[in-house]
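This is the structure I want to talk about, given as structure tokens.
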Protein chains: 2
Amino acid sequence: MSIAIENFVKAIYKNGKRDNNDTKPGNIAKKLGISNAAATDMAQKLASKDLLHYEKYQALKLTDKGNKMALNVVRKHRLWESLLFKLFDMSLHDIHREAELLEHQTSDLLANKISEYLGNPKFDPHGDPIPNANGEITTTDTSIALSQTSEGKKYMISRLMSDDKEFFEFCAQHGLKFGNTLFVSKQFNKNKMTQILINNNTILLNEDFTSIIYVNESN
Amino acid sequence: MSIAIENFVKAIYKNGKRDNNDTKPGNIAKKLGISNAAATDMAQKLASKDLLHYEKYQALKLTDKGNKMALNVVRKHRLWESLLFKLFDMSLHDIHREAELLEHQTSDLLANKISEYLGNPKFDPHGDPIPNANGEITTTDTSIALSQTSEGKKYMISRLMSDDKEFFEFCAQHGLKFGNTLFVSKQFNKNKMTQILINNNTILLNEDFTSIIYVNESN
DNA sequence: AAAAATATTTAAGCTTACTTAAATATTGTT
DNA sequence: AACAATATTTAAGTAAGCTTAAATATTTTT
Ligand SMILES: [Mn+2]
Ligand SMILES: [Mn+2]
Ligand SMILES: [Mn+2]
Ligand SMILES: [Mn+2]
């Protein structure tokens with residue numbers, strides 16, 4: 001399957017998972033940087049290949065076959081991120097950018113070699129789960145967005161759901177990193193802001209950030 | 001530049017280097033598995049992009065710009081082969097196959113990271129030289145084909161110029177490996193065969209093999 | 001030096017993955 | 001419930017990278 005198809009299927013998969021947007025052509029188009037017309041076109045083509053269910057004006061839904069393909073690409077993406085992060089001194093944003101391309105040029109055999117070399121990791125450097133060779137995610141995610149946390153509790157960062165360079169630079173600067181702990185000192189519910197204490201620094205985060213930083217309650 | 005263009009330019013580069021075939025569209029077409037017509041078409045297109053000199057019915061010649069592009073792709077190819085060979089238990093043929101794809105999806109930055117990680121190696125696992133970040137090959141190659149060697153002398157294998165699976169399997173089986181030494185016991189000039197002694201085994205090689213196994217005279 | 005065999009080029013056409021513009025349907029607002 | 005705003009779909013068209021078939025040039029053989 002082509003790069004365009006792999007990216008399309010993956011975008012639907014991720015849209016359905018994370019964003020509770022409904023997965024209509026327009027949303028996918030926006031993510032992929034193509035026109036709505038192109039997305040509709042592609043959706044119809046993929047339906048004829050049995051990769052997704054298409055009904056005019058309805059949300060797109062992957063078939064089992066489409067889902068499997070998406071998970072295969074996601075697996076390769078996250079394995080590459082893990083490898084590059086381990087071997088080289090590269091930022092989360094940079095490894096993501098490289099993985100976005102490498103994911104399409106990787107045989108299943110190579111993916112398995114990478115996985116084996118890394119000790120079959122279950123999570124990538126963002127904290128995202130890595131599907132196994134059968135396209136299954138066996139770990140269960142108990143984490144919640146920082147925006148959903150309670151005042152006065154301690155949490156461990158489990159996932160940074162972003163591809164944005166500036167966000168990662170901000171995170172790096174303030175110690176917001178997979179595995180680090182923080183304390184939620186105040187929730188400004190009206191303003192949708194969250195005040196946290198991390199590394200003895202107090203920071204105020206708005207919803208753009210608190211909705212993509214995932215955490216687990218800590219001791 | 002597209003994958004098709006990178007492969008095309010690289011094929012011209014390699015054809016000019018190794019094979020003393022003249023580099024006409026038909027030869028390139030054969031290597032890339034496309035029609036002669038497609039190769040001519042592409043050659044004309046690349047001439048308009050200043051990547052090669054095209055004159056009807058004449059051999060193709062890369063411009064400086066084209067040469068630089070080819071070396072950049074070759075660099076990435078050989079760095080990937082080096083990395084995969086080091087990290088994973090993969091055959092020379094397999095690493096070549098993966099590198100053939102990865103070479104087109106690798107930023108200069110990532111290439112430099114790989115090079116640095118490996119200690120800026122000068123040769124890949126086949127013994128082929130790796131161009132530096134400026135697209136220069138600084139090593140000089142003094143090796144000769146096994147077919148050109150003299151009876152009664154000892155040589156060290158410096159290069160296995162092939163992508164062929166069966167050839168590599170044969171090599172692996174008989175200890176024909178980068179760095180290993182062999183003794184040329186007889187040259188059958190009329191039959192274009194070479195008899196060598198390696199690991200206490202005598203093997204008779206025909207020209208298909210002796211022309212792609214490169215060696216340096218050894219003590 | 002012809003003739004025959006080969007190789008190259010041109011021409012016409014196809015598929016993929018896009019684009020913009022126009023038509024149509026859905027959704028949100030008054 | 002009607003109107004306006006928004007989203008989706010259809011239609012028409014483009015560029016890249018191929019194909020096969022036919023025309024033309026080059027190379028090899030006789
Ligand atoms: Mn990523
Ligand atoms: Mn991608
Ligand atoms: Mn190779
Ligand atoms: Mn290639």
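A note on names: the letters A, B, ... follow the listed sequences, proteins ahead of strands, and every chain is numbered from 1. Predicted, not measured: the structure shown is a model, and the values here were computed from it.
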| query | If only side-chain N and O atoms of B:Thr40 are considered, is one of them under 4.0 Å from the OP1 or OP2 phosphate oxygen of C:dT10? | reply | no

| field | Separation of C:dT8 C1' from B:Asn27 CG (nearest whole Å) | value | 12 Å

| Whole-Å distance between C:dA7 P and B:Asp22 CG? | 11 Å

| task | Calculate the interatomic distance between A:Gln44 atom CD and C:dA17 atom P; express it in whole Å. | result | 15 Å

| field | Sugar-phosphate only, base, or nothing, as touched by B:Phe8 at under 4.0 Å among non-hydrogen atoms | value | nothing

| request: For B:Ala37, report the nucleic acid contact type (base, sugar-phosphate, nothing); a contact means any heavy atom under 4.0 Å. | output: base

| remark: Assert: residue with more 5' nearest nucleotide on DNA chain D, out of A:Asp41 and B:Asp41, is A:Asp41

| Out of A:Thr23, A:Leu62, A:Val73, which one pairs with A:Tyr13 under the side chain to side chain contact (heavy atoms under 4.5 Å, CB included) rule? | A:Leu62

| query | For DNA chain D, whose closest nucleotide is more 5', that of B:Ile34 or that of A:Gln58? | reply | A:Gln58

| Below 4.0 angstrom from OP1 or OP2 of C:dT20, is there any side-chain N or O of A:Ser35? | no

| task | Ignoring hydrogens and angles, tell me if any N or O in the side chain of A:Lys76 forms a donor-acceptor pair with the backbone of A:Thr106 under 3.5 Å. | result | yes

| 5' precedence on DNA chain C between A:Gly33 and B:Glu55 (nearest-nucleotide basis) | B:Glu55

| message | Looking at A:Asn36, I'd like to know whether one of its side-chain N or O atoms comes within less than 4.0 Å of OP1 or OP2 on D:dT8. | response | yes

| request: Please confirm whether B:Phe168 and B:His126 have ring centers closer than 6.0 angstrom. | output: yes

| query | To the nearest Å, how far apart are A:Ile28 CD1 and C:dA17 P? | reply | 16 Å

| message | Reading DNA chain C from 5' onward, which residue's closest nucleotide shows up sooner: A:Tyr57 or A:Ala39? | response | A:Ala39

| request: For B:Gln187 and B:Thr149, indicate whether the former's side chain and the latter's backbone hold a donor-acceptor pair under 3.5 Å. | output: yes

| query | What's the CE-P distance between B:Met42 and D:dG17, to the nearest Å? | reply | 5 Å

| request: Could you check A:Asn120 against A:Ser115 for side-chain hydrogen bond (donor to acceptor under 3.5 Å, both in side chains), going step by step and ending with a plain yes or no? | output: CA-CA 5 Å; A:Asn120 299 308; A:Ser115 180; 2.7 Å; yes

| field | Distance, rounded to the nearest Å, where A:Ile5 contributes CD1 and C:dT16 contributes P | value | 8 Å

| Reckon B:Ala4 touches a base, only the sugar-phosphate, or nothing at all at heavy-atom distances under 4.0 Å? | sugar-phosphate

| field | Protein-nucleotide distance (B:Leu46, atom CG; D:dC18, atom P), rounded to Å | value | 11 Å

| task | Take the protein atom CE of A:Met1 and the nucleotide atom P of C:dA17, then report the distance between them rounded to whole Å. | result | 10 Å

| request: Look at B:Lys24 and C:dT6 and indicate whether a side-chain polar atom (N or O) is within less than 4.0 Å of OP1 or OP2. | output: no

